[in-house]
Chemist: 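Sharing a structure, written as structure tokens. Questions coming.
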Amino acid sequence: MKVRFDFVIHWLYAIIWALLGISGFAMVGAKYGWLLNFNYGTADYVHRLSAAAFVLITFISICYEVYRAIKRDDKHLAWFIFGRSGYQLFTFIVSLILIITGALIWICTELEMTVAGFALLVHEYISYIALASIIWHIYMKCHALIWPKKAEAKPNKTQGGGKDATKTMV
Amino acid sequence: MLQKPWFKFFIWFLTTFFFFLSAGVIISMLKPGPSESEVMQFMMGMMSAMDNSMMGVAMNLESGGLLSRIIQLSSVIIIPLVAAGIAGGILIRLRNKGWE
């Protein structure tokens with residue numbers, strides 16, 4: 001079984017985004033605290049550790065895109081998180097904004113409170129947009145949720161045995 | 001891979017997670033409050049995070065001299081680095097267009 005690099009990165013990114021989402025939104029304010037039962041400490045731990053993994057995956061993906069650009073590889077990678085147009089470009093921009101503002105929040109709480117406040121505002125509102133975009137993305141790709149049909153007991157010889165078209169996706 | 005039942009379970013789980021998360025965020029936004037007990041619980045959570053979580057560790061590190069200097073140095077070189085990155089990207093794209 002051959003698993004593609006862009007496929008693995010896509011799902012790793014999804015898992016990390018889920019962890020960042022639940023822990024991040026639980027820290028937005030007192031109204032949101034119930035999401036993680038007001039356990040701010042756990043949310044903080046999970047958010048910081050997942051953020052490190054998020055930055056690593058983003059860095060690897062950017063390096064891979066640069067490598068492809070240098071090699072003049074223009075093949076469209078359907079599963080890759082970053083790309084040159086559409087939702088992939090949106091993900092790239094949003095990821096960079098989230099990383100930069102996240103780093104500012106982490107760094108500037110001691111150095112400059114104004115910068116940290118502005119970064120917090122941008123980080124929060126971009127997260128809302130990103131979460132809405134994820135729901136839209138899932139809706140657009142909902143064919144991935146369709147359960148595979150069981151193989152037929154008697155394959156039809158004239159039609160070549162009912163080959164599933166979605167198998168060619170990965 | 002996409003046709004494996006366990007992977008379908010995983011996709012369903014993640015999808016459901018994101019739908020519940022967005023529902024939770026919408027509920028949090030639109031619900032009245034925060035109530036006094038919610039604020040108290042949140043503040044207590046924050047206070048305990050200062051002692052038991054990475055937040056406290058990070059704050060102690062940031063007040064240390066070496067890390068502060070590294071951060072200041074990083075913020076000085078970040079703008080030239082970003083500019084160099086953009087210039088590099090444009091160069092690569094121009095070169096690729098020129099070779100077509």
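Convention: sequence-line order gives letters A, B, ...; per-chain numbering from 1.
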Chemist: Fit a plane to each ring of B/Phe42 and A/Tyr40, take the angle between them on a 0 to 90° scale, and name the class: parallel (under 30°), tilted (30 to 60°) or perpendicular (over 60°).
Modeler: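 If you compare the ring of B/Phe42 with that of A/Tyr40, the planes turn out perpendicular.
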Chemist: Count the heavy atoms of every other residue, nucleotide or ligand shown that sit under 6.0 Å from CZ of A/Phe59, and state whether that count exceeds 12.
Modeler: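 Check fails, neighbour count at 12 or below.
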Chemist: For chain B, which candidate among A/Ala14, A/Ala18, A/Ala43 shows the most heavy-atom pairs at distances under 4.5 Å?
Modeler: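 Most heavy-atom pairs within the cutoff with chain B belong to A/Ala18.
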Chemist: Hey, what do you get for CE (B/Met40) to CZ (A/Phe38), rounding to the nearest 0.5 Å?
Modeler: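 The distance works out to 12.0 Å.
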Chemist: Do you know which of A/Ala69, A/Cys142, A/Ala132 has the most heavy-atom pairs with chain B at a distance under 4.5 angstrom?
Modeler: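 Ranked by heavy-atom pairs under 4.5 Å with chain B, first place is A/Ala69.
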Chemist: Measure A/Ala26 against the heavy atoms of chain B and call it side chain, backbone, both or neither at under 4.5 Å.
Modeler: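 Backbone only.
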Chemist: How about A/Phe118: does its CZ atom have over 12 heavy atoms from other parts shown lying under 6.0 Å from it?
Modeler: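 Result for CZ/A/Phe118: open.
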Chemist: Sort A/Ile134 into side chain, backbone, both or neither according to what part of it lies under 4.5 angstrom from a heavy atom of chain B.
Modeler: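 Contact with chain B is through the side chain of A/Ile134 alone.
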Chemist: With a 4.5 angstrom heavy-atom cut-off, is it the side chain or the backbone of A/Tyr32 that approaches chain B, or both, or neither?
Modeler: both
Chemist: Answer with yes or no whether the hydrophobic clustering places B/Ile26 together with B/Met29; edges join I, L, V, M, F, W, Y residues whose side-chain heavy atoms lie under 4.5 Å apart.
Modeler: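 Yes, same cluster.
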Chemist: I'd like to check the ring-ring contact (aromatic ring centres under 6.0 Å, His included) partners of A/Phe82; sequence neighbours left out, ordered by chain and number.
Modeler: A/Phe92
Chemist: For the pair A/Lys31 (side chain) and B/Val39 (backbone), establish whether a donor and an acceptor sit closer than 3.5 Å, ignoring hydrogens and angles.
Modeler: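 Pair absent, no side-chain N/O of A/Lys31 close to backbone of B/Val39.
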Chemist: Can you confirm whether B/Met46 sits close enough to A/Asp44 that some side-chain heavy atom of one is under 4.5 Å from a side-chain heavy atom of the other?
Modeler: no
Chemist: Looking at B/Phe20, I'd like to know if its CZ atom is crowded, meaning that more than 12 non-hydrogen atoms belonging to other residues, nucleotides or ligands lie closer than 6.0 Å.
Modeler: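 12 or below, so no.
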Chemist: Does CG belonging to B/Leu91 count more than 12 external heavy atoms closer than 6.0 Å?
Modeler: yes
Chemist: Under 4.5 Å between side-chain heavy atoms, hopping through other hydrophobics if needed: is there a path connecting A/Ile57 to A/Leu96?
Modeler: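 Linked within one cluster.
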Chemist: What part of A/Ile22 gets closer than 4.5 Å to chain B, counting heavy atoms only: side chain, backbone, both or neither?
Modeler: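 Both backbone and side chain.
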Chemist: Does atom CE of B/Met43 have more than 12 heavy-atom neighbours from other groups under 6.0 Å away?
Modeler: no
Chemist: Kindly work out whether a path of hydrophobic side-chain contacts (I/L/V/M/F/W/Y, heavy atoms less than 4.5 Å apart) joins A/Ile62 to B/Leu81.
Modeler: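 No: no chain of side-chain contacts under 4.5 Å links A/Ile62 to B/Leu81.
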Chemist: May I ask you to name which of A/Ile135, A/Ile146, A/Leu35, A/Asn39 has the most heavy-atom pairs under 4.5 Å with chain B?
Modeler: A/Ile135
Chemist: Ring centres under 6.0 Å, that's the criterion: do A/Trp147 and B/Phe9 meet it?
Modeler: yes
Chemist: Strictly less than 4.5 Å between heavy atoms, which residues of residues 10-17 of chain B line up against chain A? Please order them by number.
Modeler: B/Phe10, B/Ile11, B/Trp12, B/Leu14, B/Thr15, B/Phe17
Chemist: Quick check on the hydrophobic clustering: are B/Val82 and B/Ile77 connected, directly or via other members, by side-chain heavy-atom contacts under 4.5 Å?
Modeler: no
Chemist: Considering only heavy atoms from C-beta outward, does the side chain of A/Trp34 approach that of B/Lys31 to under 4.5 Å?
Modeler: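 Counting from C-beta outward, A/Trp34 and B/Lys31 do come under 4.5 Å.
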Chemist: So which part of A/Ile138 gets closer than 4.5 Å to some heavy atom of chain B, the side chain, the backbone, both or neither?
Modeler: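 Just the side chain, heavy atoms under 4.5 Å.
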Chemist: CZ/A/Arg72 to CD1/B/Ile92 distance, rounded to the nearest 0.5 angstrom?
Modeler: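 CD1 of B/Ile92 is found 10.0 Å from CZ of A/Arg72.
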